[in-house]
Enquirer: 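Please read through the structure below; I'll follow up with questions.
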Number of protein chains: 2
Amino acid sequence: MEKNSTYFGVKEIARRANVSIATVDRVIHNRTGVSEKTKKKINEIIKELDYQPNILASRLASKNIIILAVLIPRVSEETDFWEVPLRGIQRADAEIKQYGIQTIPYFFDLSDKDSFVTQARLILERGVHGVMLSPSFIEQARNFTEECQKLKIPYVFIDSNIPEQRSLSYIGPHLLKSGYVGAKLLTYRMKSNKKVLVVNISKEIENYNYLQIEEGFRSYFNDNQMGNEIVRIDIKETDYLSVAKHMTSVLHDHTDIEAIFVTNSRVFTVATFLKNKNKNNISLIGYDFIKENIQYLNEGIIDFLICHKPEEQAYRAVMALYQTLVMGGSVDNIQYMPIDIITKENYEFYQN
Amino acid sequence: MEKNSTYFGVKEIARRANVSIATVDRVIHNRTGVSEKTKKKINEIIKELDYQPNILASRLASKNIIILAVLIPRVSEETDFWEVPLRGIQRADAEIKQYGIQTIPYFFDLSDKDSFVTQARLILERGVHGVMLSPSFIEQARNFTEECQKLKIPYVFIDSNIPEQRSLSYIGPHLLKSGYVGAKLLTYRMKSNKKVLVVNISKEIENYNYLQIEEGFRSYFNDNQMGNEIVRIDIKETDYLSVAKHMTSVLHDHTDIEAIFVTNSRVFTVATFLKNKNKNNISLIGYDFIKENIQYLNEGIIDFLICHKPEEQAYRAVMALYQTLVMGGSVDNIQYMPIDIITKENYEFYQN
DNA sequence: ACTAATTTCGGGTACGTACCCGTAAATATA
DNA sequence: TATATTTACGGGTACGTACCCGAAATTAGT
């Protein structure tokens with residue numbers, strides 16, 4: 001069957017306005033070389049006809065390649081977590097490349113602030129149409145996004161937010177609520193009101209994410225007037241030996257800890273420790289659907305994983321830029337990701 | 001920046017084969033009117049250049065509107081569950097309509113097999129390029145999909161599968177595993193080895209879905225050698241009074257039931273009953289993220305909801321047909337949906 | 001050998017937009 | 001008033017494909 005015969009495009013607007021399609025094109029794209037009178041007339045007709053541009057024709061005709069920069073941590077031997085958002089970026093790229101959009105990744109080292117600054121500068125020098133970034137270093141990310149603001153380059157945050165920056169969107173978890181959920185999950189496994197241990201394993205100590213998650217975790221205990229004492233340790237060296245040393249020490253000092261909550265994806269190093277020490281009576285909860293964690297989940301060492309769909313975050317972030325730059329569509333300023341609960345029984349169908 | 005200068009399209013193939021673009025077009029689309037010799041030569045060049053059609057140009061040029069039929073239950077006063085997949089269909093339609101694809105819904109009455117048969121016949125009479133359907137009536141669905149097979153119309157199942165039919169894809173839950181997860185969740189709430197009640201609420205008794213879910217539920221108890229007795233009731237009238245009557249009777253006969261598992265989205269009627277009778281000591285688990293269930297989850301009457309993203313199922317089903325009919329891409333034959341665990345703490349971010 | 005029918009193939013247009021180059025009209029300057 | 005410059009606008013092509021209509025070549029029948 002034939003196409004919709006009530007579609008009105010540039011030609012019809014030109015016909016009704018008694019101008020050429022080139023003139024209409026200039027108005028649509030806010031180019032110069034049109035008198036105010038003519039512009040007004042064309043805009044009225046655009047509104048009246050509710051003109052919807054044909055994106056196929058538009059992108060086919062356009063010689064302009066749209067560049068999106070992606071600024072995320074490099075996959076390292078510490079954790080392969082960032083492989084997952086990279087897959088989301090690749091999936092989005094496969095979908096939108098046909099529209100003449102190119103996504104270029106810029107990787108920084110999570111333990112090197114300067115690498116973030118360097119990559120950010122490369123992006124600004126290159127000149128891009130949009131940016132998606134994980135603001136792992138808040139101060140440096142703020143500086144960079146202020147620069148983007150000046151250049152009118154839209155940017156999207158994933159993984160964590162900087163609320164006071166005027167991003168196009170934040171696509172990531174509500175970290176407080178995530179910690180809250182972690183606490184609730186712990187209650188399913190606890191049999192008494194013994195101590196609970198919160199573990200932060202990160203070289204970056206005052207990390208915004210972990211602080212938020214822990215705050216949410218603690219507020220659950222407060223809200224529900226639970227008498228458990230919450231012990232907290234920060235482990236600045238992320239290698240196994242260091243984690244084992246700290247864990248041995250804290251479990252020696254607090255023999256009545258019956259549950260452990262790790263605030264990030266490094267829960268697998270604590271799992272390794274508990275397995276090595278045959279501590280089967282301690283419940284363990286942590287974050288992220290990466291293969292080390294899945295293995296311990298399956299073995300029953302980790303009871304729950306909490307996941308925020310990092311692949312989907314990155315995919316949606318790229319698509320949000322596409323939506324605003326190509327489709328001219330609006331985008332929600334905050335898209336909180338679901339707080340997914342993964343167990344031994346349901347993990348095999350989980351999709352990041 | 002300029003477009004990729006190494007792209008080879010129909011024109012270059014025509015140039016190299018010493019034929020016109022019309023001849024190349026006939027080969028690409030397997031139309032008649034090309035000699036075998038010429039066809040062979042063109043296909044060799046297509047292979048050599050690894051020709052990737054430009055979908056923008058292709059769909060812009062094509063006058064052919066692709067019709068996708070969607071055959072799902074009508075939203076009824078019994079349950080508004082099917083509003084959710086409808087949103088997924090609408091979301092997919094918004095994305096692909098610009099490619100000249102039209103999705104047309106055909107609704108049937110879940111309590112009337114003949115309405116399914118009628119709508120199926122309308123689809124066949126109309127002539128369509130692809131079908132997405134919920135095979136709620138297995139025999140009738142089988143007859144319909146065999147007809148589609150004969151006419152080489154690809155079809156995709158959502159919500160449940162008919163494995164022996166050669167569908168393009170099944171996009172839905174692994175029902176056995178879903179029941180299994182339900183059983184495990186129940187163990188988080190149970191304090192003893194008392195009785196467990198499984199409730200089926202449906203006019204359609206031998207429903208494939210419920211049977212599979214219950215089988216999975218029971219197999220968890222078997223696998224873990226749990227001594228709980230499992231009581232089962234089928235409630236054929238779905239109105240509240242009927243459910244209340246059955247529940248009153250079964251709880252009277254088995255005063256030591258401490259947990260209830262409802263195999264579909266009608267868990268809210270059991271929740272209403274428990275609330276009305278002030279039975280706070282009984283744990284309750286059921287299915288689907290619909291507003292009645294969310295309300296009881298928030299009140300703590302329902303402990304967990306298990307959800308299979310029905311909106312996403314429908315969205316992916318339509319996109320699978322698009323992928324195969326327009327993009328010529330391959331599609332996984334089975335895409336199991338995640339088995340999502342929803343609690344009072346994480347429900348507010350859940351996305352169907 | 002001639003005519004009719006069929007097959008193979010090509011020319012050209014359409015799809016809807018982006019945008020380059022050129023022209024006419026308006027404005028500024030000498 | 002004449003000339004130079006600037007502004008407003010239009011003609012036409014490109015993007016890459018789908019496909020309609022017509023011509024030439026081939027094949028079949030008398």
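Just so it is clear: chains get the letters A, B, ... in the order the sequence lines come, proteins before strands, and each one is counted from 1. All values below come from the heavy atoms of this structure, side chains included, with hydrogens, waters and symmetry mates left out.
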Enquirer: Distance check needed: C:dT17 P versus A:Tyr99 OH, whole Å only.
Expert: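 Taking OH of A:Tyr99 and P of C:dT17, I get 14 Å after rounding.
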
Enquirer: Closest approach to the side chain of B:Lys11, judged atom by atom: which nucleotide of D:dG16, D:dG11, D:dC9 is it?
Expert: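 Of the candidates, D:dG16 comes closest.
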
Enquirer: For D:dA8, does OP1 or OP2 lie under 4.0 Å from any side-chain N or O of A:Thr23?
Expert: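 Negative; the distance criterion is not met.
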
Enquirer: Whole-Å distance between D:dC19 P and B:Asn30 CG?
Expert: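 Going from B:Asn30 (CG) to D:dC19 (P), I get 14 Å.
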
Enquirer: Please pick, from C:dT17, C:dC19, D:dG16, the nucleotide with the shortest atom-to-atom distance to any side-chain atom of A:Ala61.
Expert: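 For A:Ala61, the side-chain atoms sit closest to C:dT17.
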
Enquirer: With a 4.0 Å cutoff (strictly under), does any side-chain N or O of B:His29 reach OP1 or OP2 of D:dC19?
Expert: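 Checking D:dC19 against B:His29, no side-chain N or O comes under 4.0 Å of OP1 or OP2.
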
Enquirer: Between atom CD1 in A:Ile21 and atom P in D:dT13, what is the gap in whole Å?
Expert: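 Interatomic distance, CD1 of A:Ile21 to P of D:dT13: 12 Å.
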
Enquirer: Could you state the CG-C1' distance from B:Asp25 to D:dC21, rounded to the nearest angstrom?
Expert: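 Value for this atom pair: 15 Å.
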
Enquirer: Respond yes when some side-chain nitrogen or oxygen of B:Ser62 is under 4.0 Å from OP1 or OP2 of D:dC19, and no when none is.
Expert: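 Yes, such a contact exists.
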
Enquirer: In whole angstrom, what separates A:Arg31's CZ from C:dT17's P?
Expert: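 These atoms are roughly 13 Å apart.
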
Enquirer: Going through the checks in order, is the side chain to side chain donor-acceptor pair (under 3.5 Å) test met by B:Tyr51 and B:Glu12?
Expert: CA-CA 10 Å; B:Tyr51 168 66; B:Glu12 178 62 15; over 6 Å; no

Enquirer: Over 60° means perpendicular and under 30° means parallel, so tell me whether A:Tyr99 and A:Tyr322 are parallel, tilted or perpendicular.
Expert: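 Rings of A:Tyr99 and A:Tyr322: tilted, as their planes differ by 30° to 60°.
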
Enquirer: Can you find a side chain N or O atom of B:Ser58 that sits less than 4.0 Å from OP1 or OP2 on D:dG16?
Expert: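 For D:dG16, OP1/OP2 do not have a side-chain N/O of B:Ser58 under 4.0 Å.
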
Enquirer: Measuring to OP1 and OP2 of C:dT8, would you say a side-chain N or O of B:Thr38 lies under 4.0 angstrom away?
Expert: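 Answer is no, no contact under 4.0 Å.
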
Enquirer: Do B:Arg126's NZ or CZ and the ring of B:Tyr106 fall within the cation-pi criteria of under 6.0 Å and 45°?
Expert: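 No, cation not above the ring by the 6.0 Å, 45° rule.
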
Enquirer: Rounded to whole angstrom units, what separation is found between the CG atom of B:Asn18 and the P atom of C:dT8?
Expert: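 Nearest whole value for this atom pair: 19 Å.
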
Enquirer: To the nearest Å, give me how far apart CG (B:Asn54) and C1' (D:dA18) are.
Expert: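 Result: 13 Å.
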
Enquirer: Does B:Tyr51 or B:Arg26 map to a spot on DNA chain D nearer the 5' end, using the closest nucleotide for each?
Expert: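 Result of the comparison: B:Tyr51.
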
Enquirer: Centroid-to-centroid, A:Phe157 to A:Tyr155, below 6.0 Å?
Expert: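 Judged by ring-centre distance (under 6.0 Å), A:Phe157 and A:Tyr155 do meet the cut-off.
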
Enquirer: Measure CG/B:Leu60 against P/D:dA18 and give the value in whole Å, please.
Expert: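 Rounded to the whole Å, the gap is 11 Å.
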
Enquirer: I'd like to know if B:Lys40 pairs up with B:Glu44 as an ion pair, taking the criterion as any Lys NZ or Arg NE/NH1/NH2 lying under 4.0 Å from an Asp or Glu carboxylate oxygen.
Expert: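 Between B:Glu44 and B:Lys40 there is a salt bridge, with a charged N closer than 4.0 Å to a carboxylate O.
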
Enquirer: Output yes when at least one side-chain N/O atom of A:Arg59 is less than 4.0 Å from OP1 or OP2 of D:dC15, else no.
Expert: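 The answer is no; no side-chain N or O of A:Arg59 sits under 4.0 Å from OP1 or OP2.
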
